[in-house]
Amino acid sequence: MFQFTTLYYRVDDEDVLEEFFSSTHLQLAEKLPGLVKSEVSRINGQPGGESRFHMAYSLYFASEQSFQMSLVSEPGIKLMQALKPWADARLIVWYYADAFEEYVKSRGKSVDLGKM
């Protein structure tokens, strides 16, 4: 799978961040063609204290090509246009990566999800 993740920094007015995420980011992302799954993580902290990040939002696609195709779609273009000012203001960072999943069973045995 191919993953595109946006990390939102903590801000003084988290209501503004939450409003943008729920009314714009989430709405546009859910319309991306080829989207396999999405995942929201509300960040509670990090070892030793508070994290500088508030939230992570990950989008998963079958392949990098599928992801690239989604970005040139109408919702993909609108999503990037909506996120750019946030990135320019250094309120978010993003990355994309090859993603692999593995379930870990008790007694140290794991299961490759690709074979399930």
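Residue numbers start at 1 and run along the sequence shown.
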Checklist line | Note: Arg10-Glu50 ion pair, threshold 4.0 Å (strictly below) | finding: yes
Check: To the nearest 0.5 Å, how far apart are CH2 in Trp86 and OG1 in Thr24?
Finding: 8.5 Å
Item checked: Rounded distance [0.5 Å steps], OG in Ser63 versus CD in Gln68 -> 9.5 Å
Note to self: Taking the six-membered ring for Trp, are Phe61 and Phe4 closer than 6.0 Å centroid to centroid?
What the structure shows: no
Margin query: Is it the case that over 12 heavy atoms from other parts of the model lie below 6.0 angstrom from the CD atom of Glu74?
Written below: no
Check: For the rings on His54 and Tyr9, is their centre-to-centre separation under 6.0 Å?
Finding: no
Next item on the list: Mind running side chain to side chain contact (heavy atoms under 4.5 Å, CB included) on Phe21 and Met55 for me, showing each step along the way?
Entry: CA-CA 10 Å; Phe21 174 72; Met55 175 175 41; 3.6 Å; yes
Next item on the list: Please test Ile92 against Leu83 for side chain to side chain contact (heavy atoms under 4.5 Å, CB included), starting from the C-alpha separation and ending with a verdict.
Entry: CA-CA 8 Å; Ile92 64 169; Leu83 289 175; 3.9 Å; yes
Next item on the list: Mark yes when over 12 heavy atoms from residues, nucleotides or ligands other than Phe20 sit less than 6.0 Å from its CZ; otherwise mark no.
Entry: yes
Item checked: Shortest non-hydrogen separation from Pro33 to Ser73 and the atoms involved -> CD-OG, 3.4 Å
Checklist line | ILVMFWY cluster, Tyr96 and Val72 together (side-chain gap under 4.5 Å) | finding: no
Margin query: Less than 4.0 angstrom from a charged side-chain N to a carboxylate O is my criterion; do Arg42 and Glu14 meet it?
Written below: no
Next item on the list: Would you kindly confirm whether Leu59 and Trp94 end up in one hydrophobic cluster when ILVMFWY residues are joined by side chain heavy atoms under 4.5 Å apart?
Entry: yes
Check: Can you tell me how far CG of Leu79 sits from CG of Leu26, rounded to the nearest 0.5 angstrom?
Finding: 10.5 Å
Notebook entry, point to check: Are Val40 and Val36 linked, directly or through other ILVMFWY residues, by side chains that come within less than 4.5 angstrom of each other?
Noted result: no
Margin query: I'd like to know if Met69 and Ile77 are part of one continuous hydrophobic network [Ile/Leu/Val/Met/Phe/Trp/Tyr, side-chain heavy atoms within less than 4.5 Å].
Written below: no
Next item on the list: Take Tyr60 and Phe2 through the ring pair (Phe, Tyr, Trp, His ring centres under 6.0 Å) test and state the conclusion after the steps.
Entry: CA-CA 6 Å; Tyr60 295 87; Phe2 197 77; 9.9 Å; no
Next item on the list: Please tell me if the side chains of Glu19 and Asp15 come closer than 4.5 Å, counting only heavy atoms from C-beta onward.
Entry: no
Check: With the 4.5 Å side-chain cut-off for hydrophobic clustering, are Phe53 and Val16 part of the same group?
Finding: no
Item checked: Closest non-hydrogen atom pair between Ala56 and Ile43, with its separation -> N-CD1, 4.1 Å
Next item on the list: State whether the number of non-hydrogen atoms from other residues, nucleotides or ligands found under 6.0 Å of Gln65 atom CD is greater than 12.
Entry: no
Checklist line | Minimal non-hydrogen separation, Ser70 against Leu32, with atom names | finding: O-CD2, 3.8 Å
Check: Taking only residues two or more places apart in sequence or in another chain, which ones pass side-chain hydrogen bond (donor to acceptor under 3.5 Å, both in side chains) with Ser58?
Finding: Gln3, Thr5
